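Report on the structure given below.
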Amino acid sequence: MSPNTWVIEMPTQKTRLHPYPRRISPYRTPSVNRNAFSHEARPPPPPPPLPKTLEHPVFEDIRTIMSVLKASGLMPIYEQLSSYKVGPPTKTNEFYSFFVRGVVHALTIFNVYSLFTPSSAQLFYSYRETDNVNQWIELLLCILTYTLTVFVCARNTKNVLRVMNEILQLDEEVRRRFGANLSQNFSFSVKYLVGITACQTYIIVLKIYAVEGVITPTSYVLLAFYAVQNGLTATYIVFASALLRIVYIRFHFINQLLNGYTYVQQQRRKGGNRRTTAAPSLMEHFPEDSLFIYRMHNKLLRIYKGINDCCNLILVSFLGYSFYTVTTNCYNLFVQITAKGMVSSNILQWCFAWLCMHVSLLALLSRSCGLTTREANATSQILARVYAKSKEYQNIIDKFLTKSIKQEVQFTAYGFFAIDNSTLFKIFSAVTTYLVILIQFKQLEDSKVEDHVQEQPQT
Amino acid sequence: MSGRLDHVLHFHLRVYQVLGFHGLPLPGDERPRRTRQLLRAWSLFLLLALSGMVTVCLTSNLDFLYRRDMFGFVNDALKYVFSEVALLSIYAETMASQRALARFWWLHGKLSRQQQQQQQQHLGCRLSRPVSLQSELLQHRRYLISLYGILAMEILINICLWQVQPSDIHLTLFWSTFEPLVFLMYLRNVQFVLHMELLRQQLAQLERELCLLAEYSRFASETGRSFRDFGHFLRRRLLQKQCVYNDVHEMYSCFQRAFCYSILAVLLSIYVRVAVDCYFMYYTIYIEIANLDYSLILPALIEIPAFIYASQSCMVMLPRIAHQLHNIVTDTGCCSFPELSLQIQNFSLQILHQPLRINCLGITILDCCLLTRIACSVGTYIIYTIQLIPKLSNQYW
Amino acid sequence: MFCRRGGFRQKLVHVTLRGALYGSWILGLFPFTYDSWTRKLHRSKWLIGYGIVLNVAIVTLILANDTEAETPARMEVFQRNPLAEQINSVHDFHSLSMVVLMLLRCYWRSEDIGKILNELMDLQWCHFRQYSLDDCCKFDNFVLHKGLSVGLEVCSMLILELGMYPKYSLQLFLGVIGLCTIVLVVLLGASHFHLAVVYIYRCVWIVNRELLRFANQLAEGETVDPAGVDRLLGLYSRLLELNHRLVEIYDYQMVMVMVSFLAANVLGIYYYIIFSISLHKDMDIILLFIVPQALFINMYDFWLSIAVCDLAERTGGKTSTILKLFNDIENLDVSLERSISDFALFCSHQRLRFRHCGLFYVNYGMGFRMTITSFLYLLFLIQFEFSNL
Amino acid sequence: MPQVQSESSSESAVQPLLQQFQLLFYISKIAGILPQDLEKFRTKNVLEKSRNGMVYMLAMLIVYVLLYNVLIYSFGEEDRTLKASQSTLTFVIGLFLTYIGLIMMGTDQLTALRNQGRIGELYERIRQVDERLYKEKCVVDNSHIGGRIRFMLIMTFLFELSILLATYIKLVDYSQWMSVLWIVSAIPTFINTLDKIWFAVSLYALKERFEAINQTLEELVATHEKFKRWLCGDQETSSRALDSSQPPEYDSNLEYLYKELGGLDMGSLKGSGRNKVAPVSHSMNSFGESIEASDKATHQAPPISVNMAHESELSNASKVEEKLNNLCQVHDEICEIGKAMNELWSYPILSLMAYGFLIFTAQLYFLYCATQFQSIPSLFRSAKNPFITVIALSYTSGKCVYLIYLSWKTSLASKRTGISLHKCGVVADDNLLFEIVNHLSLKLLNHSVDFSACGFFTLDMETLYGVSGGITSYLIILIQFNLAAQQAKEAIQTFNSLNDTASLVGAATEMDNVSSTLYDLVTTTMLTPTG
């Protein structure tokens, strides 16, 4: 990890350590606080019955996907210290994931080796020069992406745990403050898992049917590993978007909280109160809430950056890979459609399966990134809708607004480009470009063929 | 002679009046109403005459246009059509949007008068010291360079071309009709440059004064020596500067209101011309015609950068102003002065609200980034058209 | 965490910087003399004259015995397609002009460069001396990488030139040596800019750290005097101004250097493809090792030059993020609040960015786009190649 | 919005915006675009959802689709012959493009069906905004919106009829009765245009609200300047300070000139009310709103100078704070309404943009084909005649560009509020007021009204840049493929390369399918190394 991240990191440790009791003492017993915010693994206070019923509320939702990732060594198999804190994995688990990664790398090496030896020749149906090259590049890209994923995950173990801990901490704070535990059903992750597995198996079956002749065990291994690689990369992307969705929920929560103070709500509540009882002064909780919200916002921004740092490279390589896959598949599709006579439904299905999988993944990723970013930037806009009579309240508002002029956050792929709704759009226009170029190459090849054929009779 | 424009401006505005670009009477010529109507009529006449010429060129079966293949023909037609559009927008704007232009010059006069008054206050009461011509030339040097440099270049290249080029009926017809349009467009372009240059001068002046204020305040805070209610003084000055900035921004918006359409049209036509001529250049090389008229795009290649350089140098002033503004030290050594920082915040918020972005109709911001894009897109189109050539050639002859 | 072996690393960095300094002195690229008493750099006419004479001599040396023409491989490629030859001649001319422009700019603006360097040293001495500079790992990393890349570039140049030729001769050696020195000159000239940038980066980094310390102190209930924040703001604005002037001085050189690097990469791959595929050469040492390593080192250097600007830019962006940390501190005293919001407004107006001639911002995004663009143009070139096959 | 009208409309409460929409509502009701209840609208000008309307609308939709398919079928025979004879490329593109219009119409109607309830709320919110503005003594009159709607409708009819008739007379053989079906081909664009007129006019109304706010602030400024001058009676000295240093004839010239040019200039600077009102022709050029605003300011200057010059609201901050707060809240409310409206119409706008892009490209491409005497799909026969093509293109592009332009202007108007606010602060320099102004302008900086099509691209003029680039490059590519196809066709006789043609055909189709992405390769992928 870059030594610069501590710049953001440090205060949130130190500050969280001491000042809290003094700060939010009015409505909290100090003892609980100190445990809540201190990092040493002292036996936690007997947690209230609420967390007992559902142990760590966040990761319950995405349990399945996490278990998959844990099993494949992409995620550390962490220990759960308390209901709001996870610890580093034990030695055996660590060794297990280490072992899995070793196996993966070994397989990769074997894979590459056999790619460059004729043993894998039968896997490449080839009706053209270019397509064969495309196949090769695609496979290599896939291998590269997965290997990169494994490496980055292995390196980022600590960061992932840190991010998780922060999320949990934040949840605890929210729950202490409002008794609300933020959770949402992440059924989409499970759906995606099922879809990915289905796609991969389907593709494998198609491939096996496509291969003529008896299949050597090497090719079986190759195919299986290829499928696993694709599946796991896709799973990781789903996981990343699930994390983003979690952050999104938090952002949304504080925005809602803030939304209660906007003039629209105020008027509405006034209207409500006029009928019933005398209105309690509406802004009375504003100072504490605003402090809480600002702190939450800072923490959330930090978590957001943390997630971004964790899956930077993976996102870049995945985007590149899926871009390439989409392009080549569109190209194949087009060749299949236009090449009269030799339309094989097998290849069509194969292309469609690939397209479905990658396009849906891209859509999921860009959508969740866009949602989270918009929500993160919406806070200042909502705050701008809070109108306060008294001067100090206005100062509280100003102090946030001043610091958020022209300071929109972005979820970038390693700083190369921002990932949001428009990314999908740009990717498709890029696909068009490369498609045109590929087609022109194909034309060139055809014309070459014609020329040769025309020359032969003359000579 | 503070009220009048200085000689350089006066002269060039006269020139633009003659070309029908500047529809306002100059200060100092009597019976302004009649002058205005005359100018309007004059520009209308010019517009009609030139468009008539263009229509003749487009319709007549003399080879004003490149006849030898379809693509060349289309390209020449494109040149004419776009320059016609540019002419239309130019003269329409000259006739229609005089309000903004008048406002622009009024504000310019007001601001320069204020500056002169300040200078007179500074220099004691040496009133109305005539501004020497040399200093004026120095003041407007950028504009003058960009005007006369390109003009000289254009003329030079034309002369060389006439010497070298074997005279061909198509070329003579084409360039004799097309060259005036090119010159008009080019002069209009330089007129934009003039206005932006004036804007830039105002901004630079503002920055200088803010810099002075920052110096004062730093000095005061370092040495702790300052006269009574120094902060108050600073605050007054800042308020004044805010008003000045407000006026400058209004000048800018007037400029945009007055010129947006013709900026768009002129840049577009120049751009099309460059792209088309690049195509021709490659084409003539490709089919070995002894034809050098693509050397005429050299000035055109400089025109867009000249414009963009002026607008960019306008736009980069803004962060500098903000920089100087924030350099003002709020707590002077003797007395901390909260109102001053309040004022500073107000000013910087105002700057945030009134950004200075020269964009033709908001289509794209005219800074150097545009240059990169233009270069790249020209390259791409060239590549496409070059790929077209062989197919075309064996299709049409 | 990385700086456990800090001492050794520090030494290494020191050595690298020294090497760069002395190297540029020898090559007449750094026409200043250091007065250790007033701690200032003074421009010296003699060094300028020396540099001019030296470089003119080197260029003439190269032009005198330019043996590039009769490389068999090149000749084949150029006979293969003339387009490559045209492009190559353009590129040669461009690189020559690049060298000339870099030296001329360097001498002509040497006054301003001297001012900037002096002010930088002044800042270092007056304000940043008391802070510990050891744990700024990125600074060290970058300096080391830069040194490494310069060395590698020269080596790969040597290998490329010597490896391509079948027969050695004195003329060839002279030409190669001259070429390498010129390349060294260019690289050092570019690395001056990058070193200055990385120094500025370090200063900004320290400012960030100070702000952070303030935030922590406030969070722990201590008090911070607003004068400190104001001082930091002053430093920050001075740094930005320095950066602005620096970019303005160096932008032409940097643009040319970047363009030539990109062009070199694209053309290299292009020739490589022509040579390997359409000439149906068998894989030999040249194809397998020499050309690829040259390409890789080239890209490495290019990416390094982008990475440093991006690093500085991101650090500048962090400042406003840190300022946000002051939000959730209650009962801040008014003056401190005011100075912090001043800082925030300043950040909203100006940020630490590198924009060469206003043409493009230098950061990762730009690097990405540049890569894609060059890739596309490569594709177009290859299309032509195939189409006139 | 001059004072006079405000006086007149002061006793009558603000009339709802929807009053102006009557004509449009009836027409679109008949055409089956809006499911809302007719009775409710006629009686009390509200849009409420009604089942009958829904049923009617669905029926209309189905009828349209059927008719259109019949049309395609009946005009399809020659296409089939064409496919055999002519290049299949143009055929497939044509077949794809013929359905775009239908898709667009379906999108419009289904969206209207989906949010039939919410549109009513939207106008209700606008009415509330009007009331609040009225409380702040700035009155928005919707009187000329009706005229606007009428004008737009007339333009639509003109375009549709001209295209339809010209094509029918010139290019359709009206020997067999089937040719009457050709009228159906105009339906989708017509319905789409009606729907877009709703959007455009509502957007324009929002823009006017913004301008009203700006104008109120400007009035405050003007009033206060007069007040200050009246307070310290050094008016003539100050004016002397301006005028003394210049020769008289120049001064008189200028005075004259600015009287001539509609004296907003002297007006808002010197606050002297002796000017003419700006002619309306000027009020629509870009930044026109400022002209209008300051014109109004000067227009109602005389009453100020007569009676109410003695006090200005800006003089006591506590009183003006309330007003500024309310104005900002209204501004924010309008921004919200704009967002909501954009969200309601996002899919139709997206489909419209895609349609515009595709049709524009296709029309030009078919024009090219027609000039090469290749036959083109029958539904695009209007491309055979360049004149009709020009009309059709200007119609389509006019729709798209006008929407984009209007949304751009609206966001500009919303941004100008901050400027006017700061003017208030600067004119009355008073620390209390400065604090208020800072606070509010911080808020205003965070009010954002930006229109985007499903978040894919924002609707501002920048998009035009990309779109135009896209159209050019795709046109070039298409023509390239077409040429290649021609050559291949010539090559067929000599040497059988059926693959090649087919592939080329497919190439173009494939490309065109994907090419509905608005940004072109030039602007997005490679060629923008901008920060």
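Lettering follows sequence order; numbering is per chain, from 1. All values reported here derive from a predicted model rather than from experimental measurement.
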ask   = Any side-chain heavy atom of B:Val329 sitting closer than 4.5 Å to one from C:Asp230?
value = no
query = Mind checking whether C:Leu345 and B:Leu349 have side chains closer than 4.5 Å, heavy atoms only?
reply = yes
query = Near C:Phe128 CZ, under 6.0 Å, is it more than 12 heavy atoms from other residues, nucleotides or ligands?
reply = yes
request  = Answer yes or no: are there more than 12 heavy-atom neighbours, outside C:Phe261 itself, under 6.0 Å from its atom CZ?
outcome  = yes
Greater than 12 external heavy atoms within 6.0 Å of B:His249's NE2 = yes
C:Leu359/B:Cys369 under side chain to side chain contact (heavy atoms under 4.5 Å, CB included): CA gap, chis, key distance, verdict = CA-CA 5 Å; C:Leu359 284 178; B:Cys369 301; over 6 Å; no
task = Decide side chain to side chain contact (heavy atoms under 4.5 Å, CB included) for B:Gln345 and C:Arg338; before the verdict, give the C-alpha distance in whole Å, the side-chain angles of both, and the deciding distance to 0.1 Å.
result = CA-CA 9 Å; B:Gln345 290 189 11; C:Arg338 194 182 297 121; 3.7 Å; yes
message = Would you compute the distance between atom NE2 of B:His326 and atom OG of C:Ser348 and round it to the nearest 0.5 angstrom?
response = 6.5 Å
request  = Determine whether C:Arg355 and B:Asp367 make a side-chain contact, defined as any pair of heavy atoms from C-beta on separated by less than 4.5 Å.
outcome  = yes
ask   = Can you name the nearest heavy-atom pair linking C:Gly358 to B:Cys368, along with the distance?
value = O-CB, 3.1 Å
key: Polar side-chain atom of C:His349 near backbone of B:His323 as donor-acceptor pair, under 3.5 Å   = no
request  = Answer with side chain, backbone, both or neither: which region of B:Leu352 has an atom nearer than 4.5 Å to a non-hydrogen atom of chain C?
outcome  = both
task = Inspect the surroundings of OH in C:Tyr252 and state if more than 12 heavy atoms from other residues, nucleotides or ligands are less than 6.0 Å away.
result = no
inquiry  = I need the B:Asn327 CG to C:Phe346 CZ distance, nearest 0.5 Å.
reply    = 6.5 Å
